[in-house]
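Reminder, nothing fancy here: chain letters follow the sequence lines and each chain counts from 1.
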Amino acid sequence: MDKLKRTKIIDLINSGEYGKTVNVKGWVRTKRGSKNVAFITLNDGSTIHNIQIVVDLNVIKEEDIRNISTGASVSITGELIESPGSGQKVEINAKAIEVLGEADPDEYPLQPKKHSLEFLREKAHLRFRTNTFGAITRVRHAMIFAIHKFFNDKGFCNIHSPIITGTDAEGAGEMFRVTVLDLINPPLNEDGTVNFKEDFFGKETNLTVSGQLEAELAALGLSDVYTFGPTFRAENSNTSRHLAEFWMIEPEMAFYDINDDMDLAEEMLKYLIKYAIDNCPDDLAFLSKRLLDEEKTKKQEERSPMELKEKLLFVLNNDFERTTYTEVIDILKNSKPNKKKKFRFLIEEWGADLQSEHERYLVEKHYKKPVMVTDYPKDIKAFYMKVNDDNKTVRAMDVLFPQIGEIIGGSQREENYNRLLKRMREMNVPEKEMWWYLETRKFGTVPHSGFGLGFERMMQFITGMGNIRDVIPFPRAPQSAEF
RNA sequence: UCCCCAAUAGCUCAGCUGGUUAGAGCGACUGACUGUUAAUCAGUAGGUCCUUGGUUCGAAUCCAAGUUGGGGAGCCA
């Protein structure tokens, strides 16, 4: 047989070149048949849609397809035709079939039926072959691409912030230590502590918890930059919205104040949603249907009032509510659940930290749209945030989304050397280690702002997936690093 | 890390206040069927009832600890 170039299923479905001989390769979803004809449903991951292969058993010998079962990989050459059956537009009349790899039906775990997401999580090496995870993976790629496109079109520079860091400046959580020292027999100082001077970098090092501080350095020279890299938190978090290894987008802009920062955050979120709607209609339609089926198994009161596409359009077509911490505390204090003591944590007075039940009340019940909260008490926020003139609040902003809560956290940064130094001392941030950060405020400092977007949380919102472990190929979480 | 729930066939699950031989649907396999759509119909095989210990004449079932998974909380993105 002449070497015929393989065509992807997505191109075959859109081709319309009926009568043409084509080659298609992929993985078998189902095979069914009778005495004279058999049908193979094939998918190659290029689209959510499958292509149907028609096998005339007068043309192809039965023994040639006997070993084809769900999960097998095949190469099929045949004629692309308009399908006489309902359910698909095109199909392929097979002329030659080659089995590339069998999948023993006694052992292959994926069946042509609905599997639970929990089961598929344990089969992370094979779940790429499912409709749901295929759709998620394609949408994930589209979002990665859209993020780079968004910032590139705006003249931002992508910065590779370091993955191995020497400081725990931000205090954003427990860190993973990076070391080459012998853990059984480490070199010790005289006082019995580990001597990290003998370690690879000559000091204690960890995996990064944020690229923000480094992004700030770059912004104070290139104006507009962003990072998009892996982030590591050794927090023992066991929830459906936390990972030990996740991807974060952190833009940092010189000459931006907190309002410019919010404008950019809202524009970016809407851009990403629009990009998904425009570029992933089939995958989103599938995910929407999947979510609808899942919701049917829930109790009435727990069901989402909107379906996926509606939810996306709702965010896209509405201005985010912009409000302040002080206003929000007032709303919460006078809210029904607070007065009826339905909140686990009752809001008593100004200064209290917002719990997720409060954030969800604001987004889902009170404002009924994404909310941006600014001007938090300085005591509950990070040292680098710019203190307001009231000396009580900082120019922080959190973007709260329905169901997932905080999707973005950002702020205008403190650009004044003396005020920053004062805040670092108040909050016990090691100023000696941070000499380089402080120097940017000493030499040509400018007002600047930035924020962090948790990429997987964004993915949860776009795809409607409830568990963050289903929107990343190989989730890393406590007690969970298989694959 | 804390609270709650669960673990039974390849998958999803039923199995009552402990009772002797462990159940269904789907999947797999075999056969039938002239174009099916997660095909249909008939039949067959398939079990360390999560692990360890305890209570009992007797444990899938009760108790304890552990493991794993799920939901919620904290931490946060």
OP1, OP2 of B:C75 versus side-chain N and O of A:Gln355: anything below 4.0 Å?
yes

Taking only the side-chain nitrogens and oxygens of A:Gln479, find out if one of them lies under 4.0 Å from OP1 or OP2 of B:U68.
yes

Side chain of A:Ser34, heavy atoms from C-beta onward: which of B:G25, B:A73, B:U34 has the nearest atom to it?
B:U34

Interatomic distance, A:Phe246 CZ vs B:C75 P [rounded to whole Å]
15 Å

It should be established whether A:Asn36 places a side-chain nitrogen or oxygen under 4.0 Å from OP1 or OP2 of nucleotide B:U34.
no

From the list B:C11, B:A28, B:C75, which nucleotide is the closest neighbour of the side chain of A:Asp353?
B:C75

Measure CD/A:Glu102 against P/B:A28 and give the value in whole Å, please.
16 Å

Can you identify which nucleotide, out of B:U12, B:U34, B:U1, has its nearest atom closest to the A:Lys35 side chain?
B:U34

Hey, is the side chain of A:His242 pairing donor to acceptor with the base of B:C76 inside 3.5 Å?
yes

Please confirm whether any donor atom in the side chain of A:Glu91 sits under 3.5 Å from an acceptor in the base of B:G35, or the reverse.
yes

Among B:G35, B:U12, B:G74, the one nearest A:Ser237 by side-chain distance:
B:G74

Looking at the base of B:G69, is there any donor atom on it, or on the side chain of A:Glu118, that sits under 3.5 Å from an acceptor on the other one?
no

